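Values in this document were obtained by computation on a predicted structure and should not be read as measured data. Only this structure's heavy atoms are used, side chains among them; waters, hydrogens and symmetry mates stay out. So you know, we letter chains A, B, ... as the sequences are listed, proteins then strands, and number each from 1.
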Number of protein chains: 2
Amino acid sequence: MPEKSDSDTFPASDAFAADLLRGHTDTIVMAVLSQGESYGFEIFKTIRMATGGDHEIKEATLYAAYRRLERDGLVESYWGDETQGGRRKYYRITDAGRAVFRGNVAAWITTRRIIDALLDVKDTTP
Amino acid sequence: MPEKSDSDTFPASDAFAADLLRGHTDTIVMAVLSQGESYGFEIFKTIRMATGGDHEIKEATLYAAYRRLERDGLVESYWGDETQGGRRKYYRITDAGRAVFRGNVAAWITTRRIIDALLDVKDTTP
DNA sequence: CTCCAGTACTTTATCTGTTACAGTACTGAA
DNA sequence: TTCAGTACTGTAACAGATAAAGTACTGGAG
């Protein structure tokens with residue numbers, strides 16, 4: 001008889017992909033921006049490449065994050081002076097942003113440990 | 001002049017603790033139940049101990065998770081026959097639950113890798 | 001020349017998990 | 001008797017994620 005994998009019978013990640021990165025979006029955007037200035041769509045492409053298509057963060061989610069981060073003074077923005085093509089809004093991380101980013105990375109490491117312990121996940125580093 | 005730490009000036013984890021575990025609650029509950037049957041409040045205490053007070057998952061969050069898991073057939077419940085004290089609702093993970101749990105742990109490992117890469121977090125294992 | 005895919009940004013409505021808060025009910029210790 | 005702890009439930013509200021749709025430009029394929 002035909003084999004059925006667990007994931008066929010019990011899809012786990014359909015609705016999950018969303019919530020697994022939830023709460024990390026702002027931190028991820030700040031991580032990209034600590035490497036240097038960038039504009040909205042480029043940040044989107046950078047993250048899409050890093051997540052490899054799967055688990056991708058949607059455009060609308062990111063643009064919402066940009067607004068949130070700017071509202072909280074963690075990033076600053078300015079319009080580029082593109083003469084042709086779509087106008088681009090560039091983002092730059094602020095000092096406050098850098099500080100919060102450092103805190104969030106620390107929080108991630110803590111959270112990571114807690115979940116690893118709860119799920120009894122062994123170290124996966126080769 | 002008095003020192004001010006980053007966390008004083010820019011509180012990072014006030015609203016975050018909530019969202020960092022978000023999406024993992026169901027998986028964490030199933031992790032506890034794969035160790036054996038348990039009842040609602042006990043699962044709460046187990047998780048509270050593991051998270052060490054910080055980052056704790058609130059009672060209401062867990063009871064919501066129990067209902068969700070039971071609705072989806074991932075856990076089963078029955079009332080204990082306590083003769084005194086509060087009545088206890090016991091939970092048991094189902095085969096479907098075990099399968100989804102395995103998938104979620106795999107998803108967690110993937111997500112973990114992605115976030116580590118994006119945040120450029122090095123391996124923290126001693 | 002037209003159509004389409006890609007770039008680039010925006011807005012609105014909706015969904016879901018989390019939580020504050022409140023309530024019920026029992027027990028044992030101060 | 002009061003309070004802390006055990007044990008469960010329900011409701012309202014919030015915030016982040018996203019589907020969906022729209023605007024506007026560019027370059028290539030047919």
Side-chain angles (χ1 to χ4, degrees), chain A residues 13-30 37-49 51 54-72 74-75 77-91 104 111, chain B residues 13-30 37-49 51 54-72 74-75 77-91 104 111:
Chain A
S13 20
D14 277 17
F16 267 96
D19 272 334
L20 289 187
L21 290 175
R22 196 192 184 101
H24 301 289
T25 309
D26 293 17
T27 310
I28 289 168
V29 169
M30 286 192 281
E37 298 186 13
S38 189
Y39 58 92
F41 202 71
E42 195 182 42
I43 298 170
F44 167 64
K45 285 187 291 183
T46 301
I47 296 172
R48 185 177 57 184
M49 210 164 65
T51 54
D54 250 4
H55 296 278
E56 84 169 13
I57 301 181
K58 301 298 183 299
E59 251 185 294
T61 307
L62 287 176
Y63 283 104
Y66 303 152
R67 270 175 248 131
R68 206 161 41 230
L69 287 166
E70 192 163 22
R71 179 200 64 194
D72 296 345
L74 307 184
V75 306
S77 72
Y78 60 93
W79 286 102
D81 55 353
E82 277 69 44
T83 40
Q84 95 284 22
R87 73 254 149 86
R88 294 167 173 177
K89 200 184 213 171
Y90 285 84
Y91 294 95
N104 288 2
T111 306
Chain B
S13 19
D14 277 17
F16 266 97
D19 273 334
L20 289 187
L21 289 175
R22 195 191 184 106
H24 301 289
T25 308
D26 293 18
T27 310
I28 289 168
V29 169
M30 287 192 281
E37 296 185 16
S38 189
Y39 58 93
F41 201 70
E42 195 181 42
I43 299 170
F44 167 64
K45 285 186 291 183
T46 302
I47 296 172
R48 185 178 54 184
M49 212 163 63
T51 54
D54 251 6
H55 296 278
E56 84 170 13
I57 301 180
K58 300 298 182 300
E59 251 186 293
T61 308
L62 287 175
Y63 283 104
Y66 303 151
R67 274 174 243 132
R68 205 162 42 231
L69 288 165
E70 192 163 20
R71 179 199 65 194
D72 296 345
L74 307 184
V75 306
S77 72
Y78 61 94
W79 286 101
D81 56 352
E82 277 70 43
T83 42
Q84 95 284 22
R87 71 252 151 87
R88 294 170 173 174
K89 200 182 214 172
Y90 286 83
Y91 294 95
N104 288 3
T111 306

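- Minimum interatomic distance between A:Ser38 and A:Ile43 (heavy atoms only, all atoms of both residues): OG-CG1, 3.5 Å.
- Using a 4.0 Å heavy-atom cutoff across all strands shown, B:Glu42 reaches no nucleic acid atom at all.
- A:Glu59 places its CD atom 13 Å from the C1' atom of D:dT23, with the value rounded to the nearest Å.
- Distance check: B:Arg22 CZ to A:Leu21 CG gives 13.5 Å after rounding to the nearest 0.5 Å.
- Going from atom CD of B:Glu56 over to atom C1' of C:dA20 covers 13 Å, rounded to whole Å.
- One atom, CG of B:Asp72, and another, C1' of C:dT16, lie 13 Å apart when rounded to the nearest Å.
- You'll find the side chain of B:Ile47 reaches within 4.5 Å of the side chain of B:Leu62, heavy atoms only.
- If you check C:dA20, D:dC8, C:dA8 against the side chain of B:Ala60, the one that comes closest is C:dA20.
- In this structure, B:Phe41 atom CZ and C:dA25 atom C1' are separated by 14 Å, rounded to whole Å.
- Taking side-chain N and O atoms only, A:Thr25 has a distance below 4.0 Å to OP1 or OP2 of D:dA17.
- A straight line from CZ of A:Phe44 to P of D:dT18 spans 11 Å, rounded to a whole angstrom.
- DNA chain C is contacted by B:Thr61, B:Arg68 of residues 61-68 of chain B, taking any non-hydrogen atom closer than 4.0 Å.
- One finds no side-chain N or O of A:Lys58 lying less than 4.0 angstrom from the OP1 or OP2 phosphate oxygen of D:dA20.
- The shortest distance between the side-chain N/O atoms of B:Arg87 and the OP1/OP2 oxygens of D:dC8 is not below 4.0 Å.
- Between B:Arg22 and C:dG17 there is no side-chain polar atom (N or O) within less than 4.0 angstrom of OP1 or OP2.
- Proximity of B:Lys45 to the phosphate of D:dA7: a side-chain N or O atom is located under 4.0 Å from OP1 or OP2.
- The distance from atom CD of B:Glu56 to atom OG1 of B:Thr61, rounded to the nearest 0.5 Å, is 9.5 Å.
- A:Lys89 has its side chain within reach of A:Trp79: a pair of non-hydrogen atoms, C-beta onward, lies under 4.5 Å apart.
- Classification of the B:Tyr66-B:Tyr63 ring pair by plane angle, with boundaries at 30° and 60°, yields perpendicular.
- One finds a side-chain N or O of B:Tyr39 lying less than 4.0 angstrom from the OP1 or OP2 phosphate oxygen of D:dA7.
- In this structure, A:Tyr90 atom OH and C:dA8 atom C1' are separated by 11 Å, rounded to whole Å.
- Checked options A:Arg71, A:Arg67, A:Arg68; the residue passing with A:Asp26 is A:Arg68 (criterion: salt bridge (charged side-chain N to carboxylate O under 4.0 Å, His left out)).
- Note: OH (B:Tyr91) to P (D:dT9) measures 6 Å, nearest angstrom.
- When rounded to the nearest whole Å, the span between CZ of A:Arg71 and C1' of C:dT10 equals 17 Å.
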